[in-house]
Structures are given as structure tokens and as C-alpha cells.
Number of protein chains: 2
Amino acid sequence: MADQHPPRPPTIYDVAQAAGVAPSTVSRAFARPGRVNSQTAERIRAAATAIGYRANPVAQALSTARTRMIAVLVSDLSNPLYAELLRGAQVAASAAGYGVLVEDTREDAATERETAERILPLVEGVLLTSSRMSDSAIRSIAKQRPVVVLNRGLTDVSCVVADEQRGARRAVEHLGEAGHRDLAYASGPDASWTNGARWRAFSDACHELELTGRRIGPFEPTFAGGFEAALALAGARSTAVVAFNALMAVGLIRGLQQAGLVVPDQVSVVGFDDVLIGQIVSPALTTVSTPMQSMGATGLRNLLGLVNGARSRSPGPVVVPARLVIRDSSGPPGAQGG
Amino acid sequence: MADQHPPRPPTIYDVAQAAGVAPSTVSRAFARPGRVNSQTAERIRAAATAIGYRANPVAQALSTARTRMIAVLVSDLSNPLYAELLRGAQVAASAAGYGVLVEDTREDAATERETAERILPLVEGVLLTSSRMSDSAIRSIAKQRPVVVLNRGLTDVSCVVADEQRGARRAVEHLGEAGHRDLAYASGPDASWTNGARWRAFSDACHELELTGRRIGPFEPTFAGGFEAALALAGARSTAVVAFNALMAVGLIRGLQQAGLVVPDQVSVVGFDDVLIGQIVSPALTTVSTPMQSMGATGLRNLLGLVNGARSRSPGPVVVPARLVIRDSSGPPGAQGG
DNA sequence: ATGAAAGCGCTAACAT
DNA sequence: ATGTTAGCGCTTTCAT
């Protein structure tokens, strides 16, 4: 025999009928378990499972004006760092009963903006993990829905950033203690907020510790960019270099090795971000580890806070800790160094 | 002055009033542009933009029973391979006007199943990118909503897999042409469908080309697992090894080097999956590249096909091509080899 | 071509 | 504690 008509999923009306109560009572039994007689509630639950009832989230959303969904915008999902952020955010959302709508904005500010506007009516809040939009574009989104921005400081909008300040400081201290006096910072893209923060923190730390801190670049934030930086470094007298990110740091190590230099004996290399490749490269990379997953999670929880009516807390960004992971690419400057 | 009451977003009723027509006409003007007088349509559009109207997707979904959302389940977002799949899927969905609801199922079959069931009422279809569920669990989901499974063959459910057959074949051919006669396959997890497919294809190719094809393992599908495989390989007489995935291949290279062997002069190494680390490691990894993004995109498009009433096409899985990328970790067996 | 009205499944006053 | 009754914003017959 063929099936009946496509079986429409059961509704509260079906449950109500089966349990001999009014639909609203069924609704209450699920939404406000306290406000219904426990006997009745039991009967309702039984009826519901018997006929396979499951609440229709769309109808709930329409009725309550709460979709229980958050949009997470990522500029490039194939970048493992952003994937980690997304993961942290997704898990945190799920724990709070929220769904995550991802959008890969392909590194393009216009795409990002359109995407945000398009998706806005469907979500209760927006998490921007690596926004390429202007500050004003972000503020304009934030006017329509709660927004939390990751990896970028910005007034009037809730932000979460890693403690670049302390991370860079620890890197410089580590290098200074090892005996380096002349450090270089291999810069990433000028447009990157993170790059600016890292360079400033690096520079400040060098001043305080009375070390020379020069800057080279900017370079592409890639392996190739790091490789290029290694060439640029040949001219400088620095015995240690801090790279904008791990990929560049790995490129630097390889570039230096190619030039016949030994890492860390002749040049020490420190990176930012703890990615797998830094652990596998030889020598293994000393790096400032910024906890991407917990940033994603923190950002999402703050966002849910805003969604649920919390006033945005501190005036400044929320800061998650960064720490230095010391491996084998850094050490005391050797005899041939400098 | 303070703002008025929280400004409720404009509805078709507001637009209708502003344009002097009935709400249903406004609805038509947007949904079925042909079925309304172009003059009127123009007036409606003008009014809509003037008051900033935007359709409420929740109401549309409730009314039409189409949410225009797809669930994508991933077992581990921090795995770059899955992140790539997700990216391909997301972009394809977006192009079709669909949203993607991601869920990281944390490598756990039970979590995955619960997640799927929970999210089912909200989506029109489900894309399983790396399912840990049993075949029967998958079929049970597929009974409720259209499902497409990636990276796994399975009857009665629409699947997309890479051409492991041809990929492994090319790898073996390449090694055979270079002069290797005794090859090893470093196996990944027994539970992995992909691992089985790769081993079978490897084994078949070896038979056809009259080469010895042994199997070692299973190992963890990680750098450490590959490293371990290098030790196991010491006992065998193979001069070339094909690893289950790129991470293992890189671990193998390192393990072999550690043991004083030169890659590829003494042992050739070939991997599967083209990830950044394979390009950076030295020697750069020869590998079978499976196009993750296009797999994600293909899977999603097929899923939308099913959603829109297409009968699932061929009986077998859809196959996307794989190709061999020859780099520096493979070559002719050297004098000391074997 | 357009309007009127019912209904999608649920929630939330308001009654009782 | 439970039932009655309006909506939420849109789509979709069915009239006109």
C-alpha cells in the first residue's frame, strides 16, 4: 500500500485533543512546566510522545519574536583561526539553546555588509569574527541588532579581543631575558587592527625594557610573506624577530634557514597564534597563543547577554588572556648572531 | 528627546496603507512580480523602500512551510578539511538563497543524532559532512528530511564522495613508474569509511600493476600517528608509503628523517588531502588532492535538488574527481633503498 | 488586477 | 489550574 497523504507533523491541537485539554494548556505544559497541574502535565507529555509531537520553532519564533538564532559572520572559513572562533561560538550557542547561522563573507566588506543586512531579520544578534567593514558600517548594524565584534577594538560596540598587550610583552621579555638586545617586528597588513595592536605592544615593551625594537614590512600574513621578511631581515642587526602571525613566523624560519642561518642559534623567531603547523615545523615555533575557541565562546555569551537585555558592560573591550608557549625557535643569541 | 516606543519593523500592512492597496497585493508584488500591475508594483516598491520595509522571513516560513535553511553537521570544525567542506556548502547555499545552520557534533555519534533530531523541524534538509552515526541512524534521519552524506558511501541515501579509487590508483602508478616495487599503506582508523576506500583502492591498484602492497597500522590519523607509522615501517621492505591522510604523511616524513632516512631518496611518501602543511613541510608532500570545497558545494546543491523534489538520481554516490599533486616527497628508490 | 478573509502553529493576555 | 480568544506577518484561495 502507498502511504497516506504526506503526514502533516502533529501540532499542539493534536496533542490537546489526545490529552483532552485545551491547546493553550499544552503550550504551557512545555513552556512553563510550573504553571500546570503535574497530573495534567504528565498526561500531556504522554500524549505528545505517543503521537510524536515536536514544537514548531518557526511558529514559536513568529509568536514570540525570538528566533533563537545568532548570525556568525566569518571572512574566511578556510582559515583555521576563524574556524576555531566559529567552533567556540557554535558550542556556546548550542549550550544556550541557540542556533548559529554562518556566513562566509569572502574577505569582502561589501559582501559582508549585504550579508549582515540580509540576515538581520532572522537573528537575534550578530557576531562579527573578523570584520572587514568600516567602523561606521559596524555601528549601523549594531543599531539594528545586538552586535559583538571579535578581534577588533571599537567604541560604542561590544568587543572581545585577546590580550595582545600582554602577549607581546611576554614575547619581548622572553627574548630580552635570553639576551637579545635588538628585536624586529615583522609586520602584517596595515589594515589589520590586530597587527596594529601587536606592533604597538611590541614597541612599548621594547621601550620599557630598553631594547631596540625595529619594524619591518608590511608583508603578506602568509608563509610567503614570512619568507620575504627573512630576506628583509638580512640587512638588519636584529638577533630576534617577532612575526605578526604563525604562518609568517614559519615562513621566516624557513627563509632564514634557506639563507644559511640557524634558528634559534643565530636568529630567534617568535610568532602569534598557536596553530598546528607551528608545532610541526622544525624547530617548533615559540608563539603567543591566543585562545580562539574561548574568544568565540566569550563573544557569543556576551552577545546573548546583550540579546537578553544586559547593558553593554565596560566601556572598553573584553580581554581574553594570551600566553607565551615557549618551544624551540627561540633561545639565547649565539656567537655568530648580530 | 527619547525615542518613541521601540519601533516595530514595518509590515506589509504598513506598506499597503502607504501605497493605498491591500496587503495581499503587497505580498504579490514581492513574491510574484508578474501578477501585479507594473504601475502598482512600482508604487508599492517605492512605499516599501520609503518606510524601510523588509519581509519577515519567519512569517514567510510559517506560512509557506519553507524555512530556506539547511543544517550542516560537522564532527569537528577545527579540522581544516571540514571547515573547507562547510565553506563550499555555505557559499553554495547562499547562492541559492538558503541559510546554513552549522552544528559541531564533537566527534560523537550520540551528540550528532540528538543534534540532528533537534534541528530537523527548522530546516529543509541536512548535510552530513563527516558523520559518526550508524547507517541506520542516518537512514532514520533521511526518512524525515532530505539528507546528503559527504565522504561516505551508503545505500538508499544520496552521497558525495571523492574519487578515492582513481586518486589511490594515480598514487600507486606514480610510485610504480618511479621504480618502486614494494609499497606500504599506512592505515587510518578502521571505523573510517574513507580509510577503507583508500586501502581497497590502493590494494587493487597494486594488484593490477603487479606490485607488492602491504598494509601497516591502524594509526591515529594525526602527525603522531604518522610518526609512529615511520617506526613500524622500519621493519618492512617497502621503499614507498602511502598514508591515509596528509597529517600522517607529514608525521611519516618526520619520523623517517628522525630515523636517519632521506625522503624521498630512501623512502617515498605520498599522502591524501591537500592541506597547507603539506606544502610547507620539507620535502613538500606529494599528495592526492580531494577538492573539499567543491564537494561541499556539490553536496549542498544535490541536497537542494532533493528538497525541491528531485528524485535522488543514480543509485551510487556522486563522485568528485581527485588528482595527484606531485611535489618533493616522492621519487625513484635510491641505492640504499629497500 | 486587486481585495477580503482564512489559516500556518504557537503564545499570551484575559476570563473563569 | 485551565479554557477562550486574539494576534504574530505572511501567503493563498476565492471573489470581484
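Hydrogens, waters and symmetry mates are skipped; everything else that's a heavy atom, side chains included, is used. First the proteins, then the strands, lettered A, B, ... as listed; each starts at 1. In this text, all values refer to a predicted model and were calculated from it rather than measured experimentally.
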For residues 98-106 of chain B, tabulate all N or O donor-acceptor pairs below 3.5 Å that involve a side-chain atom, not counting sequence neighbours.
| unit_1 | atom_1 | unit_2 | atom_2 | d |
| --- | --- | --- | --- | --- |
| Tyr98(B) | OH | Arg66(B) | NH2 | 3.3 |
| Tyr98(B) | OH | Glu124(B) | OE1 | 2.8 |
| Glu103(B) | OE1 | Gln90(A) | NE2 | 2.8 |
| Asp104(B) | OD1 | Arg87(A) | NH2 | 3.4 |
| Asp104(B) | OD1 | Arg106(B) | N | 2.9 |
| Asp104(B) | OD2 | Arg87(A) | NE | 2.7 |
| Asp104(B) | OD2 | Leu77(B) | N | 2.9 |
| Thr105(B) | OG1 | Val74(B) | O | 3.2 |

**Message:** Between Ser75(A) and Glu112(A), do the side chains contain a donor N or O and an acceptor N or O under 3.5 Å apart?
**Reply:** no

**Item:** Thr115(A) side, atom OG1; Arg118(A) side, atom CZ - distance, nearest 0.5 Å
**Value:** 5.0 Å

**Prompt:** In Å and rounded to the nearest 0.5 Å, what is the CD1 to CZ distance from Ile138(A) to Arg113(A)?
**Reply:** 10.0 Å

**Prompt:** So, does Ser63(A) use its side chain to make a donor-acceptor pair with the main chain of Ala59(A) at under 3.5 Å?
**Reply:** no

**Item:** Short side-chain to backbone donor-acceptor contact, Thr290(B) and Ala162(B), under 3.5 Å
**Value:** no

**Request:** Would you give a per-nucleotide map of nucleotides 8-16 of chain C, 5' to 3', where B means the base has a protein non-hydrogen atom under 4.0 Å away, S means only the sugar-phosphate does, and - means neither?
**Result:** BBBBBB---

**Prompt:** How would you give the extent of chain B contacts on DNA chain D, as first and last nucleotide 5' to 3' within a 4.0 Å heavy-atom cut-off?
**Reply:** dG9(D) to dT13(D)

**Prompt:** Between Thr25(B) and dA1(C), does any side-chain N or O lie under 4.0 Å from OP1 or OP2?
**Reply:** no

**Request:** Might you work through the side-chain contact (heavy atoms from CB on, under 4.5 Å) test for Val161(A) and Asn151(A), ending with a clear yes or no?
**Result:** CA-CA 5 Å; Val161(A) 299; Asn151(A) 269 322; 5.7 Å; no

**Complete:** Rounded to 10°, the angle between the first-five-pair and last-five-pair axes of the helix from dA1(C)-dT16(D) to dT16(C)-dA1(D) is 40°

**Prompt:** Residues two or more places apart in sequence or in another chain: which of them pass side-chain contact (heavy atoms from CB on, under 4.5 Å) with Thr49(A)?
**Reply:** none

**Request:** For the pair Val21(B) and Thr40(B), evaluate side-chain contact (heavy atoms from CB on, under 4.5 Å) and give the outcome as yes or no after the intermediate values.
**Result:** CA-CA 8 Å; Val21(B) 297; Thr40(B) 330; 3.8 Å; yes

**Message:** I need the full list of salt bridge (Lys or Arg N to Asp or Glu O under 4.0 Å) pairs touching residues 132-161 of chain A, with sequence neighbours left out, sorted by first then second residue.
**Reply:** Glu107(A)-Arg132(A), Asp135(A)-Arg152(A), Arg139(A)-Asp156(A)

